[in-house]
Amino acid sequence: MDSYGYIEVLGLVPAVEAADAALKAADVAVVGKENTGAGMVAVIVKGEIGAVRTAVEAAEDAAMRIGKVVSTNVIAKPDEGLQKLY
């Protein structure tokens, strides 16, 4: 079963850096990018739980080097209804 991971950062450049780091760190796919308001951008990744955790940690480390990380989250066993969002 796929899991979801999210990282919300302040600005587009840290979001791109976070997505790049996540993709390089683990076997995950970026399934979306959302502008959450006030200049914040959330990047959503999907994959196996271990890969998603690794990817989110790498994304957070990379984004913190050049910007501000607002929040991160990993959803290990999402409800089927959540998967319809992406």
Side-chain angles (χ1 to χ4, degrees):
M1 170 177 277
D2 282 333
S3 299
Y4 288 101
Y6 305 84
I7 180 166
E8 187 176 30
V9 298
L10 189 57
L12 182 61
V13 173
V16 172
E17 182 71 18
D20 182 57
L23 292 170
K24 289 177 179 175
D27 185 21
V28 296
V30 173
V31 295
K33 171 195 73 72
E34 298 290 329
N35 296 322
T36 58
M40 293 183 289
V41 180
V43 175
I44 302 105
V45 297
K46 179 179 177 181
E48 293 297 321
I49 183 63
V52 169
R53 285 189 176 143
T54 299
V56 169
E57 288 174 9
E60 184 175 17
D61 290 344
M64 285 190 329
R65 284 194 296 270
I66 63 168
K68 180 178 179 182
V69 174
V70 178
S71 65
T72 64
N73 191 30
V74 173
I75 300 175
K77 294 182 181 178
D79 185 84
E80 290 180 18
L82 181 65
Q83 293 181 7
K84 295 176 185 175
L85 291 175
Y86 299 100

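Since the model is a prediction, treat every value here as computed from it, not as a measurement.
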Nearest 0.5 angstrom please: Met64 CE to Glu60 CD, how far?
5.0 Å
For Asn73 and Tyr4: C-alpha separation, side-chain torsions, deciding distance, then whether side-chain contact (heavy atoms from CB on, under 4.5 Å) applies.
CA-CA 8 Å; Asn73 191 30; Tyr4 288 101; over 6 Å; no
Working to the nearest 0.5 Å, report the span between CG of Asp61 and CZ of Arg65.
6.5 Å
Inter-residue atom distance Ser3.OG - Glu48.CD, 0.5 Å rounding:
7.0 Å
Could you pull out the closest heavy-atom pair between Ala19 and Val30, with the gap in Å?
CB-CG2, 4.3 Å
Pairing residues for Asp20 by the side chain to side chain donor-acceptor pair (under 3.5 Å) criterion, not counting sequence neighbours:
Lys24
When rounded to the nearest 0.5 angstrom, what is the spacing between CG in Asp2 and CD1 in Ile49?
10.5 Å
Check side-chain contact (heavy atoms from CB on, under 4.5 Å) between Val13 and all other residues, then give those that pass, not counting sequence neighbours.
Ile66
For Ala63 and Ile7, work out which heavy atoms get closest and say how close.
CB-CD1, 4.4 Å
When Ile, Leu, Val, Met, Phe, Trp and Tyr are grouped by side-chain heavy atoms lying under 4.5 Å apart, directly or through other members, which residues fall in the same group as Val41?
none
For Glu8, give me all partners under side chain to side chain donor-acceptor pair (under 3.5 Å), at least two apart in sequence or on another chain.
Thr36, Ser71
Hey, any chance Val16 and Val31 share a hydrophobic cluster, counting ILVMFWY side chains that come within less than 4.5 Å of each other, even indirectly?
no
Qualifying residue, where the test is side-chain contact (heavy atoms from CB on, under 4.5 Å) with Val28 and the options are Val56, Val45, Thr54
Val45
If you take all heavy atoms of Val43 and Ala15, which pair is closest and at what distance?
CG2-O, 3.7 Å
Smallest separation among heavy atoms of Gly11 and Pro14, with atom names
O-CD, 3.5 Å
For Lys68, what residues pass the side chain to side chain donor-acceptor pair (under 3.5 Å) criterion, not counting sequence neighbours?
none
Please report the shortest heavy-atom distance between Leu10 and Val70, naming the atom on each side.
N-CG2, 4.3 Å
Of all the heavy-atom pairs spanning Ala55 and Ala25, show the shortest one and how long it is.
CA-CB, 4.5 Å
Please list, chain by chain and in numerical order, all residues satisfying salt bridge (charged side-chain N to carboxylate O under 4.0 Å, His left out) with Asp27, sequence neighbours excluded.
none
